[in-house]
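Each chain gets a letter, A, B and so on, in the order its sequence line appears, and its residues count up from 1.
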Amino acid sequence: MRGKTFYRCTVCNDIHYGNIAPKICPTCSSKDAYVHIAEREAGVILKFLKIEEGKIVDIKYKTHGCVATIASKDFTLNTDKERIELIVQGVLEHEEQYGLKYCPCRMTSGNFDEDLSLICPCNFKIQNNWKEIGECWCSLFIKRKE
Amino acid sequence: MQPLHKKERIMMAEKKQIIMFWGRRCPHCRAMEPIVQKLEEEEGIKFERLEVWENKENADKMRALAEIIKPACGGYLGTPAFYDPNRNGALCGEKPYETLRDWALAKIDE
């Protein structure tokens with residue numbers, strides 16, 4: 001096994017990152033259409049990178065505001081506006097500084113792969129905080145009241 | 001854990017220096033600051049505040065204590081994390097005044 005890598009749908013150019021290629025493309029529904037591609041190719045297709053005069057140039061990919069607009073059936077944003085602003089400010093500062101939207105309430109370990117679990121929104125439903133008090137670790141997301 | 005009398009608490013506090021790892025954009029850390037100040041004033045507990053996102057040295061100090069802090073913070077280097085060097089123990093997250101006080105003043109063998 002290659003480990004996690006990039007795959008491209010040869011029909012619609014959908015990009016998938018994972019251990020294996022999807023059998024069916026979630027964008028165009030084509031079967032067995034994914035091929036393994038290099039990280040660089042994925043970066044260019046996703047517009048994180050561009051090639052200028054044969055050289056790769058990083059494009060600052062900003063997602064300002066998107067953190068605060070994510071919500072689901074069973075969770076929503078905290079109603080404390082001041083708290084939200086502080087957290088989102090922290091998340092965006094981390095994206096600016098480290099390239100990833102690290103949680104402002106958990107320090108990075110220094111291990112890149114391990115720290116991927118700190119990217120906001122994280123997999124907070126596995127955390128004790130979610131189970132016990134119905135909040136993600138930083139309290140940006142809270143359980144919806146039934 | 002048995003509650004301590006005021007005099008006993010002061011005696012314990014005089015020997016105490018708790019390290020507080022905190023983050024500049026962490027709302028829990030902000031919420032804990034008045035509680036920490038109150039504990040300093042009323043119980044005489046000393047807190048050494050170490051900001052971890054802006055100060056690399058502080059971040060490394062926190063990472064060096066990962067084995068102690070992570071289990072207290074649900075498996076992460078969460079903030080705020082309180083570390084007691086005497087007991088080599090940690091308490092993590094937003095806590096009521098009484099919880100932090102009792103933890104900070106707990107005896108080494110507890």
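Using a 4.5 Å cut-off between heavy atoms, A:E82 does not touch chain B at all. Contact of B:A31 with chain A is made through the side chain alone, with heavy-atom distances under 4.5 Å.
Through direct or relayed side-chain contacts under 4.5 Å between Ile, Leu, Val, Met, Phe, Trp and Tyr, A:I133 connects to no other residue.
Both B:L77 and A:F112 are part of a single hydrophobic cluster, where members link through side-chain heavy atoms under 4.5 Å apart. Put simply, B:W22 and B:I35 are part of the same group of oily side chains (I, L, V, M, F, W, Y) that touch within less than 4.5 Å, one to the next. The same ILVMFWY cluster, assembled from side-chain heavy atoms under 4.5 Å apart, contains both B:W103 and B:M32. Taking hydrophobic clusters as Ile, Leu, Val, Met, Phe, Trp and Tyr residues chained together by side-chain heavy-atom distances below 4.5 Å, B:V36 does not share a cluster with B:F21. B:L105 and B:Y83 fall into different hydrophobic clusters, where Ile, Leu, Val, Met, Phe, Trp and Tyr are joined by side-chain heavy atoms under 4.5 Å apart, directly or via other members.
The number of heavy atoms from other shown groups lying within 6.0 Å of NZ (A:K143) is above 12. More than 12 heavy-atom neighbours from other residues, nucleotides or ligands sit within 6.0 angstrom of NZ on A:K131.
Judged purely by atom type and a 3.5 angstrom limit, B:R24 has no side-chain atom pairing as donor or acceptor with the backbone of A:G90.
One distance of note links CG of A:N129 with SG of B:C73; it measures 10.0 Å at 0.5 Å rounding. Atoms SG and CG, from B:C26 and A:L86 in turn, are 8.0 Å apart once rounded to the nearest 0.5 Å. Rounded to the nearest 0.5 angstrom, A:S139 OG and B:H28 NE2 are separated by 4.0 Å.
Annotation for B:G78 and A:R106: closest pair CA-CG, 3.9 Å, computed over non-hydrogen atoms.
Proximity of B:P27 to A:C105: side-chain heavy atoms (C-beta onward) are separated by under 4.5 Å at one or more points. Looking at heavy atoms from C-beta onward, A:M107 lies in side-chain contact with B:V52 at the 4.5 angstrom threshold.
Using cut-offs of 30° and 60° for the angle between ring planes, the A:W137 and B:Y76 rings count as tilted.
Here A:P104 is the residue among A:S117, A:G110, A:P104 with the most heavy-atom pairs under 4.5 Å with chain B. When the candidates B:M62, B:R30, B:K70 are compared by the number of heavy-atom contacts under 4.5 Å with chain A, B:R30 comes out ahead. For chain B, the option among A:N128, A:D80, A:T108 with the highest count of heavy-atom pairs below 4.5 Å is A:T108.
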### Query
Can you list the steps and then say if A:H94 with B:W53 is a side-chain contact (heavy atoms from CB on, under 4.5 Å)?
CA-CA 9 Å; A:H94 291 165; B:W53 280 103; 3.3 Å; yes
